Amino acid sequence: MVGARPGVHGVSRRAGGPPPDSLSGRVSYPPTIPAPRRISAVRVLAGLACVAVTIAAIAVTVLAVRLMSTTSRVDRVVDDASRSVSRLDRNSRDLAPAIRELRRAARAMRDAVPAVGP
């Protein structure tokens with residue numbers, strides 16, 4: 001057979017070559033699992049629960065960060081108040097002798113002036 005064309009892609013069917021389907025270039029995929037027709041209520045509730053838990057975790061994180069910054073501010077206020085009390089205590093200790101001296105002087109003046117009565 002001069003001039004006879006061989007089979008697909010130059011391979012003769014009689015020569016024991018692969019069947020024509022495998023050489024056609026089509027790719028076969030494994031069968032896929034069909035999607036469910038309806039989403040069950042349990043899946044919807046589970047999804048909502050996951051979203052709620054995620055939002056709650058974010059809210060707790062934000063509150064914790066705010067609490068830490070507030071705590072540091074409160075610590076600063078307490079430290080400032082403690083310093084002020086210490087300073088006031090030191091100043092009052094320094095003034096104690098002067099106050100005693102003023103009271104003695106007032107008593108002495110009262111004693112020195114004769115009681116004037118009606």
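Numbers here are sequence positions counted from 1. What you see is a predicted model; the values in this text were computed from it and never measured.
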Peer 1: Just jot down the side chain to side chain donor-acceptor pair (under 3.5 Å) partners of D94, sequence neighbours excluded, or say none.
Peer 2: none
Peer 1: Mind jotting down which residue pairs meet the salt bridge (charged side-chain N to carboxylate O under 4.0 Å, His left out) criterion with at least one end in residues 74-84? Sequence neighbours excluded, please.
Peer 2: D80-R83
Peer 1: Just by distance, do the side chain of S82 and the backbone of V78 share a donor-acceptor pair under 3.5 Å?
Peer 2: no
Peer 1: Mind checking the CG-SG spacing from L45 to C50? Nearest 0.5 Å is all I need.
Peer 2: 11.0 Å
Peer 1: Within this structure, what is the CG-CZ distance for the pair L102 and R107, rounded to the nearest 0.5 Å?
Peer 2: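 Between atom CG of L102 and atom CZ of R107 there are 11.5 Å.
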